[in-house]
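Before any comments, here is the structure.
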Number of protein chains: 2
Amino acid sequence: MTDRLSTTLSALADPTRRGILAQLARGEATVGELAEPYDMSLAAVSKHLKVLEHAGLITRGREAQWRPCRLKAAPMAEVADWVGEYRRFWEQSLDRLEDYLAELQKGDPGGTKN
Amino acid sequence: MTDRLSTTLSALADPTRRGILAQLARGEATVGELAEPYDMSLAAVSKHLKVLEHAGLITRGREAQWRPCRLKAAPMAEVADWVGEYRRFWEQSLDRLEDYLAELQKGDPGGTKN
DNA sequence: TCGTTATTCAACCACTCGGTTGACAGGCAT
DNA sequence: ATGCCTGTCAACCGAGTGGTTGAATAACGA
């Protein structure tokens with residue numbers, strides 16, 4: 001699992017870490033501030049931060065005894081690119097769903113006229 | 001880790017599984033066909049397919065002794081939506097990078113004139 | 001210098017993951 | 001019926017994950 005996209009995706013595949021990113025999207029924060037919403041030890045949050053840092057999703061500075069974290073969304077661009085390759089597949093199925101619903105609205109029972 | 005977005009992301013956070021999805025994007029395939037590019041047992045691929053199915057990323061039919069798989073990209077839409085929320089963050093940093101490079105090109109050493 | 005605050009480190013635990021192997025089951029074809 | 005494909009299941013293994021606790025580090029405040 002050494003490729004970067006896998007590292008990014010697995011870093012994102014955890015609700016706590018996504019919560020941390022959401023919090024950082026509202027601005028820089030210290031470890032303690034980031035940990036506050038969660039019912040887990042500071043050490044656990046520190047580990048999550050290490051995962052995010054390793055994935056390049058955050059950077060950590062040092063200000064006195066605090067280690068403020070900042071969001072670095074760059075790796076997400078790769079995720080967006082990758083998933084974008086599949087857009088036509090899900091849009092196509094949504095289209096089919098919409099068509100189906102439209103047929104229902106028009107009162108065409110079953111929509112099997114072809 | 002019961003939420004759907006986490007399930008989807010962790011299913012995608014494996015290069016073998018992403019490879020399988022890429023193959024399915026080119027059309028329906030059987031387990032054997034999907035396994036062929038990989039240097040691992042059929043059982044291992046079967047497990048990967050179970051993960052993908054559980055994440056709703058594929059469906060499996062049954063035709064005689066074959067179990068053909070089809071891509072179902074719908075869950076990826078949620079990923080695209082989520083990551084899209086952060087677009088401005090990475091675009092902003094790319095902009096800053098571009099600005100910085102532009103400054104370098106213009107021969108403004110350091111770009112610290114403000 | 002001593003205590004407090006903020007954070008990390010190290011060891012440990014239960015659990016999950018990605019892989020293996022061997023046995024098994026469903027559906028052809030002879 | 002027998003055997004051959006195709007695929008899954010079950011048990012196992014080593015490595016990784018997400019959490020805990022307690023000790024260690026670092027910087028400030030008195």
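For clarity, every value in this text was computed on a predicted model and none was experimentally measured. The chains referred to below are lettered A, B, ... by the order of the sequence lines, with proteins before strands, and numbering in each begins at 1.
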Atom CG of Leu9(B) and atom C1' of dT17(D): how far apart are they, to the nearest Å?
17 Å
Pick out the pairs of N or O atoms, protein on one side and nucleotides 26-30 of chain D on the other, that lie under 3.5 Å.
none

State, with a plain yes or no, whether a side-chain heavy atom of Val79(A) is found less than 4.5 Å away from one of Leu12(B).
no
Any side-chain heavy atom of Leu71(A) within less than 4.5 Å of one from Leu21(A)?
yes
Residues in residues 25-39 of chain B with a heavy atom under 4.0 Å of DNA chain D, by number, are Thr30(B), Val31(B), Gly32(B)
Closest non-hydrogen atom pair, Arg87(B) against Ala80(A)
NH2-CB, 4.2 Å
Just list the side-chain donor-acceptor pairs under 3.5 Å for residues 43-55 of chain B, sequence neighbours left out, or say none.
| residue | atom | partner | partner atom | Å |
| --- | --- | --- | --- | --- |
| His48(B) | ND1 | Arg17(B) | NH1 | 3.1 |
| Glu53(B) | OE1 | Arg60(B) | NE | 3.2 |
| Glu53(B) | OE1 | Arg60(B) | NH2 | 2.7 |

Interatomic distance, Arg60(A) CZ vs dT7(C) C1' [rounded to whole Å]:
9 Å
State, to the nearest 10°, the angle formed by the axis through the first five base pairs of the helix from dT1(C)-dA30(D) to dT30(C)-dA1(D) and the axis through its last five.
10°
What pair of heavy atoms forms the shortest contact from Tyr38(A) to Ile20(A), and how long is it?
OH-N, 3.5 Å
With a 4.0 Å heavy-atom cut-off, tell me which residues in residues 40-54 of chain A come close to DNA chain C, sorted by residue number.
Leu42(A), Ala43(A), Ser46(A), Lys47(A), Lys50(A)
Polar side-chain atom of Ser6(B) near backbone of Thr2(B) as donor-acceptor pair, under 3.5 Å
no
Atom CG of Leu5(B) and atom CG of Asp3(B): how far apart are they, to the nearest 0.5 Å?
6.0 Å
N/O donor-acceptor pairs under 3.5 Å from side chains in residues 25-37 of chain B, not counting sequence neighbours:
| residue | atom | partner | partner atom | Å |
| --- | --- | --- | --- | --- |
| Thr30(B) | OG1 | Glu33(B) | N | 3.2 |
| Glu33(B) | OE1 | Thr30(B) | N | 3.0 |

According to a 4.5 Å side-chain heavy-atom criterion applied to Ile, Leu, Val, Met, Phe, Trp and Tyr, with indirect links allowed, do Ile58(A) and Trp66(A) form part of one hydrophobic cluster?
no
Find out whether Val83(A) and Trp90(A) are in side-chain contact, i.e. whether some heavy atom of one side chain is under 4.5 Å from a heavy atom of the other.
yes
Heavy-atom distance under 4.5 Å between the side chains of Arg70(A) and Leu24(A), does that happen here?
no
Taking salt bridge (Lys or Arg N to Asp or Glu O under 4.0 Å) as the definition, give me every residue that meets it alongside Glu85(B), ordered by chain and number, with sequence neighbours left out.
none
By ring pair (Phe, Tyr, Trp, His ring centres under 6.0 Å), which residues pair with Trp82(A), not counting sequence neighbours?
Tyr86(A)
